[in-house]
Amino acid sequence: MVENKEISALFHLIDDPDTEVYSQVSDKIISFGKAIIPNLEHLWENTVSEPIQERIESLIHKLHFRDLTNDFINWKDGSCELLQGALLTAQYHYPEMQSLQALQEIEKMRRNVWLELNNYLTPLEQVNVLTSILYNYYKHKGVEIAYNQPEDFLINKTLETKKGNAISNGIIYLVLCELLDIPVRAINIPRQFILAYFDQQYEFMNPVSHASQKIIFYIDPLNGQIYSHKDVENYFKRISVPPTTSYFKQRDNKNIIRFLLEELSKCFDDERNRYKMEELLQLVNLLEN
(Lines give C-alpha, C1' and ligand atoms only; values in the text may rest on other atoms or scores of the structure.)
Protein backbone atom coordinates (compact mmCIF):
# COMPACT_ATOMS: atom_id res chain seq x y z
CA MET A 1 0.00 0.00 0.00
CA VAL A 2 1.34 3.45 -0.93
CA GLU A 3 1.99 5.42 2.22
CA ASN A 4 -0.03 8.64 2.27
CA LYS A 5 -0.27 11.46 4.80
CA GLU A 6 -3.03 9.72 6.77
CA ILE A 7 -1.04 6.49 7.16
CA SER A 8 2.12 8.45 8.10
CA ALA A 9 0.16 10.35 10.76
CA LEU A 10 -1.29 7.11 12.16
CA PHE A 11 2.16 5.49 12.28
CA HIS A 12 3.48 8.47 14.26
CA LEU A 13 0.77 7.83 16.85
CA ILE A 14 1.54 4.11 17.33
CA ASP A 15 3.74 4.95 20.32
CA ASP A 16 1.11 7.18 21.97
CA PRO A 17 1.03 6.35 25.72
CA ASP A 18 -2.69 7.18 25.95
CA THR A 19 -4.44 3.81 25.60
CA GLU A 20 -7.62 5.42 24.26
CA VAL A 21 -5.71 7.23 21.52
CA TYR A 22 -3.77 4.07 20.66
CA SER A 23 -7.01 2.05 20.54
CA GLN A 24 -8.49 4.51 17.99
CA VAL A 25 -5.25 4.48 15.98
CA SER A 26 -5.15 0.68 16.06
CA ASP A 27 -8.77 0.39 14.85
CA LYS A 28 -8.11 2.83 12.01
CA ILE A 29 -4.96 0.98 10.87
CA ILE A 30 -6.79 -2.37 10.96
CA SER A 31 -9.60 -0.86 8.86
CA PHE A 32 -7.14 -0.64 5.92
CA GLY A 33 -7.02 -4.46 5.80
CA LYS A 34 -4.08 -6.71 4.92
CA ALA A 35 -2.82 -4.34 2.22
CA ILE A 36 -1.22 -2.23 4.97
CA ILE A 37 0.89 -5.13 6.34
CA PRO A 38 3.97 -4.40 4.13
CA ASN A 39 3.93 -0.80 5.45
CA LEU A 40 3.78 -2.09 9.03
CA GLU A 41 6.62 -4.54 8.35
CA HIS A 42 8.73 -1.71 6.90
CA LEU A 43 7.98 0.38 9.99
CA TRP A 44 8.96 -2.54 12.25
CA GLU A 45 12.32 -2.92 10.45
CA ASN A 46 13.06 0.78 10.95
CA THR A 47 12.04 0.89 14.62
CA VAL A 48 14.51 0.32 17.46
CA SER A 49 11.98 0.49 20.31
CA GLU A 50 10.89 -2.99 21.43
CA PRO A 51 7.53 -1.82 22.88
CA ILE A 52 6.67 -0.18 19.53
CA GLN A 53 7.78 -3.30 17.65
CA GLU A 54 5.45 -5.33 19.89
CA ARG A 55 2.56 -3.00 19.05
CA ILE A 56 3.31 -3.36 15.33
CA GLU A 57 3.45 -7.17 15.67
CA SER A 58 0.11 -7.07 17.49
CA LEU A 59 -1.44 -5.00 14.68
CA ILE A 60 -0.16 -7.41 12.01
CA HIS A 61 -1.52 -10.36 14.00
CA LYS A 62 -4.95 -8.67 14.35
CA LEU A 63 -5.07 -8.08 10.58
CA HIS A 64 -4.26 -11.72 9.86
CA PHE A 65 -6.80 -12.92 12.43
CA ARG A 66 -9.55 -10.72 10.98
CA ASP A 67 -8.97 -12.26 7.55
CA LEU A 68 -8.77 -15.77 8.98
CA THR A 69 -12.09 -15.26 10.79
CA ASN A 70 -13.72 -14.29 7.49
CA ASP A 71 -12.15 -17.35 5.81
CA PHE A 72 -13.63 -19.60 8.50
CA ILE A 73 -17.05 -18.00 8.04
CA ASN A 74 -16.85 -18.70 4.29
CA TRP A 75 -15.65 -22.26 4.99
CA LYS A 76 -18.49 -22.92 7.44
CA ASP A 77 -21.10 -21.53 5.05
CA GLY A 78 -19.54 -23.15 1.98
CA SER A 79 -17.80 -26.44 1.21
CA CYS A 80 -16.74 -27.43 4.77
CA GLU A 81 -13.98 -29.56 3.19
CA LEU A 82 -11.86 -31.20 5.88
CA LEU A 83 -8.49 -30.50 4.25
CA GLN A 84 -9.32 -26.82 3.73
CA GLY A 85 -10.46 -26.53 7.37
CA ALA A 86 -7.19 -28.08 8.60
CA LEU A 87 -5.15 -25.73 6.39
CA LEU A 88 -7.06 -22.70 7.70
CA THR A 89 -6.26 -23.85 11.26
CA ALA A 90 -2.57 -24.06 10.33
CA GLN A 91 -2.75 -20.51 8.97
CA TYR A 92 -3.49 -19.24 12.47
CA HIS A 93 0.08 -20.21 13.42
CA TYR A 94 1.57 -19.63 9.95
CA PRO A 95 -0.38 -16.73 8.39
CA GLU A 96 1.92 -16.51 5.35
CA MET A 97 1.67 -20.25 4.67
CA GLN A 98 1.06 -21.33 1.08
CA SER A 99 -1.24 -24.36 0.83
CA LEU A 100 0.21 -25.67 -2.45
CA GLN A 101 2.96 -27.80 -0.89
CA ALA A 102 0.51 -29.55 1.46
CA LEU A 103 -1.96 -30.15 -1.37
CA GLN A 104 0.78 -31.62 -3.57
CA GLU A 105 1.93 -33.93 -0.75
CA ILE A 106 -1.62 -35.17 -0.16
CA GLU A 107 -2.05 -35.78 -3.91
CA LYS A 108 1.19 -37.82 -4.05
CA MET A 109 -0.05 -39.97 -1.16
CA ARG A 110 -3.48 -40.38 -2.73
CA ARG A 111 -1.94 -41.53 -6.00
CA ASN A 112 0.37 -44.04 -4.31
CA VAL A 113 -2.54 -45.58 -2.38
CA TRP A 114 -4.83 -45.55 -5.46
CA LEU A 115 -2.26 -47.51 -7.50
CA GLU A 116 -2.42 -50.32 -4.92
CA LEU A 117 -6.21 -50.48 -4.60
CA ASN A 118 -8.67 -52.54 -6.64
CA ASN A 119 -12.37 -53.44 -6.45
CA TYR A 120 -11.71 -56.91 -5.02
CA LEU A 121 -10.02 -55.87 -1.79
CA THR A 122 -11.84 -56.43 1.51
CA PRO A 123 -12.31 -53.44 3.86
CA LEU A 124 -9.40 -54.66 5.98
CA GLU A 125 -7.16 -55.04 2.90
CA GLN A 126 -8.10 -51.53 1.71
CA VAL A 127 -7.18 -50.02 5.06
CA ASN A 128 -3.97 -52.07 5.26
CA VAL A 129 -2.86 -50.62 1.90
CA LEU A 130 -3.48 -47.05 3.07
CA THR A 131 -1.91 -47.67 6.48
CA SER A 132 1.17 -49.31 4.99
CA ILE A 133 1.81 -46.43 2.58
CA LEU A 134 1.19 -43.70 5.17
CA TYR A 135 3.13 -45.20 8.09
CA ASN A 136 5.67 -47.50 6.39
CA TYR A 137 6.38 -45.99 2.98
CA TYR A 138 6.02 -42.31 3.99
CA LYS A 139 7.28 -43.04 7.53
CA HIS A 140 4.60 -40.96 9.26
CA LYS A 141 5.10 -41.16 13.00
CA GLY A 142 2.45 -40.74 15.67
CA VAL A 143 3.18 -38.89 18.91
CA GLU A 144 1.03 -38.51 21.99
CA ILE A 145 -0.90 -35.27 22.38
CA ALA A 146 1.34 -32.72 24.13
CA TYR A 147 0.05 -29.20 24.72
CA ASN A 148 3.59 -27.78 24.66
CA GLN A 149 3.91 -28.89 21.01
CA PRO A 150 1.38 -26.87 18.96
CA GLU A 151 3.05 -27.86 15.68
CA ASP A 152 1.96 -31.49 16.18
CA PHE A 153 -1.64 -30.30 15.64
CA LEU A 154 -0.95 -28.51 12.34
CA ILE A 155 -1.36 -30.40 9.08
CA ASN A 156 1.34 -28.49 7.19
CA LYS A 157 3.97 -29.33 9.84
CA THR A 158 2.75 -32.94 10.12
CA LEU A 159 3.18 -33.37 6.36
CA GLU A 160 6.55 -31.63 6.43
CA THR A 161 8.09 -33.40 9.44
CA LYS A 162 6.21 -36.73 9.05
CA LYS A 163 5.22 -36.41 12.71
CA GLY A 164 1.83 -35.63 14.18
CA ASN A 165 -0.56 -36.53 16.97
CA ALA A 166 -3.73 -38.59 16.58
CA ILE A 167 -5.73 -35.54 15.42
CA SER A 168 -3.40 -34.26 12.67
CA ASN A 169 -2.50 -37.80 11.52
CA GLY A 170 -6.19 -38.68 11.69
CA ILE A 171 -7.19 -35.73 9.51
CA ILE A 172 -4.64 -36.77 6.86
CA TYR A 173 -6.00 -40.34 7.04
CA LEU A 174 -9.58 -39.11 6.69
CA VAL A 175 -8.74 -36.81 3.77
CA LEU A 176 -7.09 -39.69 1.90
CA CYS A 177 -10.08 -41.96 2.59
CA GLU A 178 -12.44 -39.27 1.32
CA LEU A 179 -10.41 -38.83 -1.89
CA LEU A 180 -10.32 -42.62 -2.42
CA ASP A 181 -14.00 -43.31 -1.54
CA ILE A 182 -13.06 -45.47 1.46
CA PRO A 183 -15.89 -45.19 4.05
CA VAL A 184 -13.70 -44.36 7.07
CA ARG A 185 -15.03 -41.67 9.42
CA ALA A 186 -14.06 -40.13 12.76
CA ILE A 187 -16.31 -41.05 15.68
CA ASN A 188 -17.02 -39.59 19.10
CA ILE A 189 -15.38 -42.09 21.48
CA PRO A 190 -14.44 -40.12 24.63
CA ARG A 191 -10.82 -39.08 25.29
CA GLN A 192 -9.71 -40.44 21.91
CA PHE A 193 -9.60 -39.44 18.27
CA ILE A 194 -10.54 -42.76 16.67
CA LEU A 195 -11.61 -43.65 13.14
CA ALA A 196 -14.07 -46.33 12.09
CA TYR A 197 -14.73 -48.23 8.85
CA PHE A 198 -18.48 -48.06 8.18
CA ASP A 199 -20.35 -50.82 6.37
CA GLN A 200 -22.25 -48.70 3.85
CA GLN A 201 -24.50 -51.54 2.73
CA TYR A 202 -25.52 -52.37 6.31
CA GLU A 203 -26.07 -48.67 6.98
CA PHE A 204 -28.35 -48.41 3.94
CA MET A 205 -30.34 -51.54 4.87
CA ASN A 206 -30.55 -50.75 8.63
CA PRO A 207 -30.62 -46.94 9.01
CA VAL A 208 -32.11 -47.01 12.54
CA SER A 209 -29.84 -49.66 14.06
CA HIS A 210 -27.29 -48.89 16.82
CA ALA A 211 -24.45 -46.86 15.28
CA SER A 212 -21.80 -49.38 16.39
CA GLN A 213 -23.48 -52.12 14.31
CA LYS A 214 -22.68 -50.15 11.17
CA ILE A 215 -18.96 -50.27 12.01
CA ILE A 216 -16.78 -53.15 10.80
CA PHE A 217 -13.62 -52.20 12.74
CA TYR A 218 -11.79 -49.23 14.24
CA ILE A 219 -8.49 -47.54 13.32
CA ASP A 220 -6.06 -45.70 15.59
CA PRO A 221 -4.66 -42.83 13.48
CA LEU A 222 -1.64 -42.56 15.76
CA ASN A 223 -0.11 -45.62 14.09
CA GLY A 224 -2.82 -47.29 11.96
CA GLN A 225 -3.49 -50.08 14.45
CA ILE A 226 -6.81 -51.91 13.95
CA TYR A 227 -9.20 -52.43 16.88
CA SER A 228 -12.13 -54.83 17.08
CA HIS A 229 -15.52 -54.26 18.71
CA LYS A 230 -14.25 -56.26 21.68
CA ASP A 231 -11.25 -53.94 22.06
CA VAL A 232 -13.56 -50.91 22.13
CA GLU A 233 -15.93 -52.60 24.63
CA ASN A 234 -12.95 -53.25 26.90
CA TYR A 235 -11.87 -49.63 26.58
CA PHE A 236 -15.30 -48.41 27.77
CA LYS A 237 -15.13 -50.81 30.72
CA ARG A 238 -11.65 -49.53 31.59
CA ILE A 239 -12.75 -45.88 31.68
CA SER A 240 -16.06 -46.81 33.39
CA VAL A 241 -18.24 -45.11 30.77
CA PRO A 242 -21.32 -46.79 29.25
CA PRO A 243 -20.98 -47.08 25.42
CA THR A 244 -24.00 -45.02 24.31
CA THR A 245 -25.01 -44.67 20.64
CA SER A 246 -23.77 -41.06 20.38
CA TYR A 247 -20.15 -42.19 20.82
CA PHE A 248 -20.30 -44.22 17.59
CA LYS A 249 -21.87 -41.57 15.39
CA GLN A 250 -19.82 -40.01 12.62
CA ARG A 251 -18.24 -36.63 13.31
CA ASP A 252 -18.86 -34.18 10.49
CA ASN A 253 -16.04 -31.98 9.18
CA LYS A 254 -17.17 -28.94 11.15
CA ASN A 255 -17.11 -30.99 14.35
CA ILE A 256 -13.59 -32.30 13.59
CA ILE A 257 -12.16 -28.82 12.90
CA ARG A 258 -13.89 -27.45 15.99
CA PHE A 259 -12.23 -30.22 18.03
CA LEU A 260 -8.85 -29.46 16.40
CA LEU A 261 -9.13 -25.74 17.24
CA GLU A 262 -10.24 -26.52 20.80
CA GLU A 263 -7.29 -28.86 21.40
CA LEU A 264 -4.83 -26.45 19.76
CA SER A 265 -6.08 -23.64 22.03
CA LYS A 266 -4.89 -25.63 25.07
CA CYS A 267 -1.31 -25.11 23.85
CA PHE A 268 -1.58 -21.43 24.78
CA ASP A 269 -2.86 -21.61 28.34
CA ASP A 270 -0.31 -19.22 29.85
CA GLU A 271 -0.31 -15.52 30.59
CA ARG A 272 1.84 -14.51 27.61
CA ASN A 273 -0.20 -16.46 25.05
CA ARG A 274 -3.67 -16.33 26.59
CA TYR A 275 -4.90 -14.08 23.77
CA LYS A 276 -4.14 -16.92 21.31
CA MET A 277 -6.22 -19.32 23.36
CA GLU A 278 -9.09 -16.82 23.40
CA GLU A 279 -8.87 -16.23 19.64
CA LEU A 280 -8.88 -19.95 18.84
CA LEU A 281 -11.90 -20.41 21.11
CA GLN A 282 -13.61 -17.55 19.24
CA LEU A 283 -13.18 -19.63 16.08
CA VAL A 284 -14.59 -22.69 17.90
CA ASN A 285 -17.68 -20.65 18.87
CA LEU A 286 -17.97 -19.35 15.33
CA LEU A 287 -18.22 -22.92 14.00
CA GLU A 288 -20.92 -23.83 16.54
CA ASN A 289 -23.46 -21.48 14.97
*So how far is it from Q91 CD to L68 CG, rounded to the nearest 0.5 Å?*
6.5 Å

*asked:* Check whether T131 reaches the backbone of V127 with its side chain - one donor and one acceptor, N or O, closer than 3.5 Å.
replied: yes

*Rounded to the nearest 0.5 Å, how far does CD of Q24 lie from CG of D16?*
10.0 Å

*More than 12 heavy atoms from other groups under 6.0 Å of NZ on K141*: no

*Could you tell me whether the side chain of N156 and the main chain of A90 form a donor-acceptor pair under 3.5 Å?*
no

*asked:* Closer than 3.5 angstrom, by distance alone: can the side chain of N46 be matched with the main-chain N or O of H42 as a donor-acceptor pair?
replied: yes

*asked:* Parallel, tilted or perpendicular, judged at 30° and 60°: which one describes the rings of F65 and Y92?
replied: perpendicular

*Between I187 and Q192, does a side-chain contact (heavy atoms from CB on, under 4.5 Å) hold up when you go through it step by step?*
CA-CA 9 Å; I187 55 173; Q192 301 289 335; over 6 Å; no

*Does the pair E279/K276 count as a salt bridge with the N-to-O cut at 4.0 Å?*
no

*Give a yes or no on whether a salt bridge exists between K163 and D152, defined as a side-chain N under 4.0 angstrom from a carboxylate O.*
yes

_For a side-chain contact (heavy atoms from CB on, under 4.5 Å) check, start with the C-alpha distance between F217 and L124, then their side-chain angles and the critical distance, and finish with the verdict._
CA-CA 8 Å; F217 53 79; L124 190 58; 4.2 Å; yes

*Is there a donor-acceptor pair under 3.5 Å between the side chain of D181 and the backbone N or O of C177?*
no

*Ignoring hydrogens and geometry, is there a side-chain-to-backbone donor-acceptor pair from T89 to G85 under 3.5 Å?*
yes

*Could you walk me through whether E105 and K162 pass the salt bridge (charged side-chain N to carboxylate O under 4.0 Å, His left out) check?*
CA-CA 11 Å; E105 193 65 23; K162 306 286 189 285; 3.7 Å; yes

_Are the side chains of I37 and L59 in contact, using a 4.5 Å heavy-atom criterion?_
no

*Judged by atom type as modelled, is there a donor-acceptor pair below 3.5 Å linking the side chain of S23 to the main-chain atoms of T19?*
no

*Hey, does R185 have a side-chain heavy atom less than 4.5 Å from the side chain of R251?*
no

*Taking side chain as C-beta onward, heavy atoms only, is F248 less than 4.5 Å from K214?*
no

_Exam field: side chain W114 to backbone L180, donor-acceptor pair closer than 3.5 Å_ = no

*Given side-chain contact (heavy atoms from CB on, under 4.5 Å), test V284 with F259 step by step and report yes or no.*
CA-CA 8 Å; V284 171; F259 180 66; over 6 Å; no

*Does Q53 use its side chain to pair, donor to acceptor, with the backbone of T47 at less than 3.5 Å?*
yes

*Shortest non-hydrogen separation from L261 to L287 and the atoms involved*: CD1-CD1, 3.8 Å

*To the nearest 0.5 Å, how far apart are CD in E151 and OG1 in T158?*
9.0 Å

*Any chance the side chains of Q126 and Y197 put a donor and an acceptor closer than 3.5 Å?*
yes

*Establish whether Y135 and L117 are linked, either directly or via other cluster members, by ILVMFWY side-chain heavy-atom contacts under 4.5 Å.*
yes

*R110 side chain vs L176 backbone, donor-acceptor pair below 3.5 Å*: no

*According to a 4.5 Å side-chain heavy-atom criterion applied to Ile, Leu, Val, Met, Phe, Trp and Tyr, with indirect links allowed, do V175 and L115 form part of one hydrophobic cluster?*
yes

_With a sphere of 6.0 Å drawn around CD of Q282, does it hold more than 12 non-hydrogen atoms of other residues, nucleotides or ligands?_
yes

*Below 4.0 angstrom, N of the basic side chain to O of the carboxylate: do E50 and R55 qualify?*
no

*Nearest heavy-atom pair of L222 and N165: which atoms, and what distance?*
CD1-C, 4.1 Å

*Does a salt bridge link R274 with E271, judged by any charged N lying under 4.0 Å from a carboxylate O?*
no

*Y94 atom OH, neighbour heavy-atom count above 12 within 6.0 Å*: yes

*Compute the ring centroids of Y235 and Y227, then answer whether they are less than 6.0 Å apart.*
no

*Heavy atoms, side chains only, cut-off 4.5 Å: are F193 and D220 in contact?*
no

*Hey, would you say the F153 and H93 ring centroids sit under 6.0 Å apart?*
no

*For C267 and Q149, what are the C-alpha separation, side-chain angles and deciding distance, and is it a side-chain contact (heavy atoms from CB on, under 4.5 Å)?*
CA-CA 7 Å; C267 297; Q149 299 289 336; over 6 Å; no

*Heavy atoms, side chains only, cut-off 4.5 Å: are L154 and L264 in contact?*
yes

_Contact between Y247 and V241 at the side-chain level, heavy atoms closer than 4.5 Å - yes or no?_
yes

_Minimum heavy-atom distance M109-L159, with the two atoms named_ = CE-CD2, 3.8 Å

_Within 6.0 Å of CD in Q98, more than 12 heavy atoms from elsewhere_ = no

*asked:* With side chain to side chain contact (heavy atoms under 4.5 Å, CB included) as the test, pick out the partner of I219 among I194, V184, L174, L130.
replied: V184

_What's the separation between atom CD in E45 and atom CD1 in I56, rounded to the nearest 0.5 Å?_
10.0 Å

_S228 and D231: side chain donor to acceptor below 3.5 Å_ = yes

*Do you know which two heavy atoms are closest between T69 and L286, and how far apart they sit?*
O-CD2, 3.9 Å

_Side-chain touch F236/I189, heavy atoms, less than 4.5 angstrom_ = yes

*Would you name the heavy atoms of L87 and M97 that are closest together and state the gap between them?*
O-CE, 3.6 Å

_Considering all heavy atoms, the nearest P221-G170 contact_ = CB-CA, 3.4 Å

_Test side chain to side chain donor-acceptor pair (under 3.5 Å) applied to Y138 and N112, step by step_ = CA-CA 10 Å; Y138 279 101; N112 277 322; 2.6 Å; yes

_Is there a salt bridge (charged side-chain N to carboxylate O under 4.0 Å, His left out) between K28 and E6? Walk through the geometry before answering._
CA-CA 10 Å; K28 185 62 182 173; E6 184 185 13; 3.5 Å; yes

*Please tell me if the side chains of I155 and L83 come closer than 4.5 Å, counting only heavy atoms from C-beta onward.*
yes

